[in-house]
Amino acid sequence: MPAFNIESCFGADIHVGYFDMEEILDIMQLKDKIVGSKRVQSLIKMHGRRDRIVSVAMRQVTFDVLRPVLDAEFLPYDPYFSHDKLLSSRRERLYDAQERFLLLCLSIANGRSVKSLKKLNPDLNTKELRIKHTKGQSLFRYFRQELNEQTREYILSYKARMENKDADGSVKESATTVAELEQKHALSVANKKATLESKFVPTSFDDETVIALKLFQDGYSLLSLQVERFKRGEQLDMPELMKFCRRLIESHTRNNFSLMAIRHIKDASIYLEQHAMGMAVLGIHFAKAMKLSNAYVEVISLGALLFDLGRFRLPMAMVTKTTKMTDSEFDLFRKHIQFGEQILQKCEGVPKAVYQMLSDHHEKIDGSGYPAGKLGDEISVYGKIAAIIDAYDAMTSEQPHKPSMGPIKACQQMQKESGLAFDKQLLSVFLKSIGPVPVGSCVQLSNGRVGFVLTLNKSFQPALIRQVYSITNRAFVAASDIELNKSANLRTEVVIEKEVDPQAFGLQFINHIS
């Protein structure tokens, strides 16, 4: 078979919404060569073609085959290049082919579609990749290292599974003595206990915020991957989703204020993913405020993460629309509940509470909600919980069609709808748990500064304020944190004078969290 020709990528459609290794190989005209390789064929015979280890091996073999091309020189980066313009010269066509080829290699290395990579990084380009050769660096080594990083944990677990099997596939009999087993078990229990305890050691706001930021990045990647899965007709990866919810719960246990602050980070272009994570955080906070057991906290956080997934099946133009929906558009929007149910019905082991949160989160106590117009106690308690966290997160988020109204005004608005849209008793518990001046509120202090509430005290009153603006000087100031009610001299004690609109001072909480 002839060597790979990079020009085979010219004009190829590389912006599909899901990652499919065989489709990429078709574009590169390498499918027969890679799938037919001894290594891949051996794994297919052992595990079947759809096993993940086969896809990983195909990605590894592909880079081995592409090594000569990857270590060759590429045309210099052209910031003005566009796939949309007519490419008349051979140099332009070659640049186009190289551009698509390099993006496909990034896709292979990361196990994500090009479309997904660009969504994660809107400024994604090939500049750094193109200059690696001129710096004496190997693109082959770069992509293989990226691939190794992405698949290391899976490869290790796969090897461990294979080492535990005999040639006939049965599990090996251990020669370990009973005493050794007991010793290992005792050590394992001790290690697990130490690990468990370390997961819940309280941390400072700043320390936990670093962890929480990484958690939200991981959550965005996980949700994007799940969207790709259900769009391909595959099941959601429920174990991974549950594992992510447990990580959120651990972070909330160490310092709940960090997650409650990070929840405010909203990029309107990826609102749905961040809305889902924000609701998961609020679901955890709410469930703990109701003093529910850990099992219920986990289920509610999972349901909060998933109950709006159906919105990903709506037209993107509707999701990003900045004006009011028409009647026909709203009729379509309502179908996101049906779409969500279709997604969950393909999955195994979904708790009933998750379905109830999905089907009832737009029902209202007074019967004016949808899809069934349920009234009062006809709505499940999980649906009532979902309605509260959905509304609060939406009201306090930056969305394509409206800015955040701020936590305090959101609380006031929800209080007006108590007994109409929301269950009175549940709403009372929720509002008490976030306090009358919740995390993220913008306030004016008696020292002439404007700041954002970071933490609350045991009485649910603001405790730590991040000062970012001076009203006296009408200027931004270096961010500094002040603890209220900590002054030794009551005459100089700083207090909150009033809530203010951050937009009036050109402020956004998301710019001052970390």
CG/L70 to CD1/I6 distance, rounded to the nearest 0.5 angstrom?
8.0 Å

Here the gap from D32 atom CG to L25 atom CG, rounded to the nearest 0.5 Å, amounts to 10.0 Å

Could you pull out the closest heavy-atom pair between I513 and I262, with the gap in Å?
CG2-CD1, 3.5 Å

Do side-chain atoms of H336 reach the backbone of F333 as a donor and acceptor pair under 3.5 angstrom?
yes

Salt-bridged, E240 to R229, with N to O below 4.0 Å?
no

Taking only Lys NZ, Arg NE, NH1 and NH2, and the carboxylate oxygens of Asp or Glu, determine whether R90 and E7 approach each other closer than 4.0 Å.
yes

Between T396 and R263, is there a side-chain donor-acceptor contact under 3.5 Å, judged purely by atom types and distance?
yes

Which of parallel (below 30°), tilted (30 to 60°) and perpendicular (above 60°) describes F143 and F63?
parallel

Does NZ or CZ of R130 fall inside the cone over Y95's six-membered ring, less than 6.0 Å from its centre and within 45° of the axis?
yes

Can you tell me if Q226 uses its side chain to pair, donor with acceptor, with the backbone of D237 under 3.5 Å?
yes

Angle between ring planes, H275 versus Y271, binned at 30° and 60°: parallel, tilted or perpendicular?
parallel

For F101 and F4, what are the C-alpha separation, side-chain angles and deciding distance, and is it a ring pair (Phe, Tyr, Trp, His ring centres under 6.0 Å)?
CA-CA 11 Å; F101 169 72; F4 170 73; 5.4 Å; yes

Crowded around Q145 CD? As in, over 12 foreign heavy atoms under 6.0 Å?
no

Within 6.0 angstrom of E348 CD, more than 12 heavy atoms from elsewhere:
no

Applying side chain to side chain contact (heavy atoms under 4.5 Å, CB included) to T151 and R59, what does each step give before you reach the verdict?
CA-CA 10 Å; T151 59; R59 291 157 69 188; 4.0 Å; yes

Side-chain contact, heavy-atom cut-off 4.5 Å: L66 with M28?
yes

Donor-acceptor check, side chain of Q338 to backbone of K335, threshold 3.5 angstrom: yes or no?
no

Using the rule given for side chain to side chain contact (heavy atoms under 4.5 Å, CB included), can you reason through L314 versus F339, listing the C-alpha separation, both sets of side-chain angles and the distance that settles it, and then say yes or no?
CA-CA 9 Å; L314 297 173; F339 296 152; 3.9 Å; yes

With a 4.0 Å cut-off on N to O distance, would you call D206 and R466 a salt bridge?
yes

Measure the shortest side-chain to side-chain distance between I44 and V40 over non-hydrogen atoms and say whether it is less than 4.5 angstrom.
yes

Passes side chain to side chain contact (heavy atoms under 4.5 Å, CB included), Y220 versus M277? Steps please.
CA-CA 8 Å; Y220 171 75; M277 289 185 286; 4.0 Å; yes

Counting only N and O atoms by type, is there a donor-acceptor contact under 3.5 Å from the side chain of Q41 to the main-chain atoms of V35?
yes

Compare all side-chain heavy atoms of L358 with those of I337 and state whether any distance is below 4.5 angstrom.
yes

Tell me, do R112 and Q150 make a side-chain contact under 4.5 Å, heavy atoms counted?
no

Does L344 offer a backbone N or O that forms a donor-acceptor pair with the side chain of Y355 under 3.5 Å?
yes

Below 4.5 Å, heavy atoms only, C-beta onward: do Q60 and V56 meet side chain to side chain?
yes

What distance do M238 atom CE and C245 atom SG have between them, rounded to the nearest 0.5 Å?
8.5 Å

What closest approach, in Å, do L305 and A276 show between heavy atoms, and which atom pair accounts for it?
O-CB, 3.5 Å

Side chain to side chain contact (heavy atoms under 4.5 Å, CB included) between F509 and C442, worked out
CA-CA 8 Å; F509 184 40; C442 189; over 6 Å; no

Verdict with supporting geometry, S8 and N5, side chain to side chain donor-acceptor pair (under 3.5 Å):
CA-CA 6 Å; S8 64; N5 180 6; over 6 Å; no

Could you label the plane-to-plane angle of the H285 and H252 rings as parallel, tilted or perpendicular, counting under 30° as parallel and over 60° as perpendicular?
perpendicular

Just so I know, are the side chains of F476 and L507 near enough to count as touching, which here means a heavy-atom distance under 4.5 Å?
yes

Does the S55 side chain pair with the main chain of R52, one donor and one acceptor, at a distance under 3.5 Å?
no

Exercise: identify the closest heavy-atom pair between F257 and L454
CB-O, 3.4 Å

Side chain of D71, backbone of S138: donor and acceptor closer than 3.5 Å?
no

CZ of F140: more than 12 outside heavy atoms within 6.0 angstrom?
yes

Using modelled atom types only, decide if a donor and an acceptor are shared between the side chain of S301 and the backbone of E298 within a distance under 3.5 Å.
yes

Rounded to the nearest 0.5 Å, what separation is found between the NZ atom of K33 and the OG1 atom of T62?
10.5 Å

Any donor-acceptor pair under 3.5 Å from N110 side chain to L106 backbone:
yes

If you measure from CG on L94 to CG on L75, what distance do you get to the nearest 0.5 Å?
4.5 Å

Is D308 close to L272 at the side-chain level, that is, under 4.5 Å between some pair of heavy atoms?
no

I'd like to know if the side chain of T455 reaches the main chain of L464, judged simply by a donor and an acceptor atom lying under 3.5 Å from each other, with no hydrogens or angles considered.
yes

Smallest separation among heavy atoms of S251 and A212, with atom names:
OG-CB, 4.4 Å

Rounded to the nearest 0.5 Å, the CE atom of M21 sits from the CD1 atom of I34 at a distance of 7.0 Å

Exercise: identify the closest heavy-atom pair between G11 and D96:
N-OD1, 2.9 Å

Do you know which two heavy atoms are closest between R144 and D64, and how far apart they sit?
NH1-OD1, 3.2 Å

Is any NZ, NE, NH1 or NH2 atom of the basic residue among D218 and R247 found under 4.0 Å from an Asp or Glu carboxylate oxygen of the other?
yes

Whether H512 and F452 hold their rings parallel, tilted or perpendicular, with breakpoints at 30° and 60°:
parallel

Taking the side chain as every heavy atom from C-beta outward, state whether E23 and K31 have any pair of such atoms under 4.5 Å apart.
no

